[in-house]
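Note that the structure is predicted; figures quoted are calculated from it, not measured. We count ligands from 1, going down the list as the structure has it; atoms in each ligand are counted the same way.
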Amino acid sequence: MQIIAVINQKGGVGKTTSALNLAHALALSKYKVTLIDLDPQGHLSACLGVHDPKIKGIDTALLDQQSLQENILSIRNNLQLVTAGPHLGEVEHAANDIPRDRLHKVLTGQFQDQTCIIIDCPPSSGVLVVNALVAAQTALIPVASDYLALHGLSYLIGTFKNFESSLHKKIPYWIVVTRYQNRRKLSQDVQSKLKQYFPGRILATPIRESVALAESPSFGKTIFEYKPSSVGARDYRSLAKDLLNRRTL
Ligand SMILES: Nc1ncnc2c1ncn2[C@@H]1O[C@H](COP(=O)(O)OP(=O)(O)OP(=O)(O)O)[C@@H](O)[C@H]1O
Ligand SMILES: [Mg+2]
């Protein structure tokens with residue numbers, strides 16, 4: 001079982017969109033996948049049409065070390081979800097009381113039948129993200145195709161490296177280019193800069209900017225349910241294969 005943390009401290013780069021649609025692409029290919037919504041904003045759960053604020057999620061497991069078993073929702077074939085829960089925001093405030101291996105301990109021994117767990121992280125580098133990185137074997141870093149995203153990435157890789165050395169743990173990472181626009185020179189420039197700085201780390205399929213990807217969350221649907229023949233569905237299907245076969249640029 002692989003645990004993948006979807007991280008980037010920059011907001012709006014496509015973390016949640018990628019976690020959601022990658023997970024569903026894998027589930028549709030018969031892999032067993034669990035999504036964990038580790039963002040107190042609860043966007044991932046909302047994208048799947050789960051809005052009930054009373055549903056317990058990863059919050060109680062992190063704060064009170066309660067068992068996760070009853071908080072695992074079966075939401076689609078082969079796809080499970082653990083919501084953020086209403087109290088996840090309190091974890092950031094209780095940072096001193098939450099050790100960085102709390103999530104790792106919560107997940108250990110729980111998901112033996114799953115192929116992978118995908119953790120959607122908040123746009124920060126606080127205790128939640130640190131917990132995600134301690135638990136994960138791999139990080140997936142979505143990078144939007146604009147200049148500031150590239151700028152933020154060097155900062156992110158810096159904190160990532162510091163983190164690796166303080167934990168004495170190597171975390172292999174993949175970068176996924178999101179919000180790509182074929183006809184925009186800036187998109188092409190960002191992609192070639194990334195290729196230059198992170199050779200062998202950029203997954204082969206850029207996720208194109210598409211209206212259907214922006215619309216699908218408001219219907220509580222993944223792109224495969226909302227518009228299965230759209231470019232967004234094609235891109236995420238292809239990205240899932242990139243991840244499975246380690247296809248890079
Ligand atoms: N390829 C795309 N084409 C069009 N819209 C997109 C695409 N990817 C993401 N979006 C939209 O951009 C917005 C931000 O995406 P998303 O929520 O996935 O980013 P995020 O990194 O998870 O943000 P946050 O840091 O706030 O959690 C959303 O409204 C989403 O629907
Ligand atoms: Mg998000």
Side-chain angles (χ1 to χ4, degrees), residues 4-25 35-51 57-58 81-85 88-89 91-92 118-126 128-129 131-133 139-146 148-153 155-156 159-160 173-184 186-188 190-191 194 202-240 242:
I4 302 170
V6 184
I7 60 161
N8 194 332
Q9 86 285 346
K10 187 162 168 35
V13 295
K15 292 182 287 297
T16 303
T17 306
S18 297
L20 171 74
N21 292 304
L22 204 49
H24 201 201
L35 275 168
I36 295 185
D37 189 350
L38 200 66
D39 185 347
Q41 300 177 102
H43 286 167
L44 177 63
S45 311
C47 287
L48 281 158
V50 179
H51 295 284
I58 197 72
L81 169 72
V82 179
T83 68
L88 189 61
V91 173
E92 296 282 9
I118 299 180
I119 306 172
D120 182 33
C121 291
S124 68
S125 39
L128 287 169
V129 177
N131 263 268
L133 287 173
L140 183 71
I141 308 176
V143 178
S145 311
D146 62 60
L148 286 177
L150 205 56
H151 190 262
L153 186 64
Y155 173 79
L156 176 69
T159 41
F160 196 73
Y173 63 90
W174 303 111
I175 291 171
V176 50
V177 177
T178 61
R179 316 206 65 156
Y180 188 81
Q181 297 187 41
N182 281 326
R183 278 177 298 182
R184 230 168 110 180
L186 184 60
S187 279
Q188 293 157 13
V190 168
Q191 197 184 39
L194 285 171
I202 322 291
L203 291 175
T205 308
I207 306 298
R208 286 167 283 183
E209 179 80 20
S210 85
V211 176
L213 276 173
E215 286 173 347
S216 53
S218 58
F219 296 93
K221 290 180 173 176
T222 72
I223 195 65
F224 304 105
E225 297 162 329
Y226 182 62
K227 291 219 169 135
S229 51
S230 62
V231 294
R234 251 181 285 158
D235 289 349
Y236 275 109
R237 225 176 265 125
S238 172
L239 188 75
D242 293 347

Undergrad: Do Y180 and E209 pass the side-chain hydrogen bond (donor to acceptor under 3.5 Å, both in side chains) test, and can you show the C-alpha distance, the side-chain angles, and the key distance before you say yes or no?
TA: CA-CA 5 Å; Y180 188 81; E209 179 80 20; over 6 Å; no
Undergrad: Taking T159 for the side chain and Y155 for the main chain, is one N or O donor matched with an acceptor at less than 3.5 Å?
TA: yes
Undergrad: Would you mind writing out the side-chain donor-acceptor pairs for residues 11-21 within the sub-3.5 Å range, not counting sequence neighbours?
TA:
from	atom 1	to	atom 2	distance (Å)
K15	NZ	N8	O	3.1
K15	NZ	K10	O	2.7
T16	OG1	D120	OD1	3.4
T16	OG1	D120	OD2	2.7
S18	OG	G14	O	2.7
S18	OG	Y236	OH	2.9
N21	OD1	I223	N	2.9
N21	ND2	T17	O	2.9

Undergrad: Between V6 and I119, is any pair of side-chain heavy atoms under 4.5 Å apart?
TA: no
Undergrad: Looking only at side-chain N and O atoms, does S45 offer a donor or acceptor that is under 3.5 Å from a partner on T83?
TA: no
Undergrad: Between D146 and A149, is there a donor-acceptor pair closer than 3.5 Å when you use the side chain of the first and the backbone of the second?
TA: yes
Undergrad: Mind telling me whether Y173 and F160 have parallel, tilted or perpendicular rings, with 30° and 60° as the class edges?
TA: perpendicular
Undergrad: Under the salt bridge (Lys or Arg N to Asp or Glu O under 4.0 Å) rule, collect the residues that match up with E225, sequence neighbours excluded.
TA: R76
Undergrad: For ligand 1, list every N/O pair with the protein closer than 3.5 Å, one pair per line with the distance.
TA:
from	atom 1	to	atom 2	distance (Å)
ligand 1	1 (N)	R208	O	3.0
ligand 1	3 (N)	S210	N	2.9
ligand 1	3 (N)	S210	O	3.3
ligand 1	5 (N)	R179	NH2	3.4
ligand 1	12 (O)	R179	NH1	2.8
ligand 1	18 (O)	T16	N	3.4
ligand 1	18 (O)	T17	N	2.9
ligand 1	18 (O)	T17	OG1	2.5
ligand 1	19 (O)	G14	N	3.0
ligand 1	21 (O)	G12	N	3.4
ligand 1	21 (O)	V13	N	3.0
ligand 1	21 (O)	G14	N	3.1
ligand 1	21 (O)	K15	N	3.0
ligand 1	21 (O)	K15	NZ	2.9
ligand 1	22 (O)	K15	N	3.4
ligand 1	22 (O)	T16	N	2.8
ligand 1	22 (O)	T16	OG1	2.8
ligand 1	23 (O)	G12	N	2.9
ligand 1	25 (O)	G12	N	3.1
ligand 1	25 (O)	K15	NZ	2.8

Undergrad: Are the side chain of D235 and the backbone N or O of R208 linked by a donor-acceptor pair below 3.5 Å?
TA: yes
Undergrad: Sort by chain and number the protein N/O/S atoms found under 2.8 Å from the Mg ion (ligand 2).
TA: T16 OG1
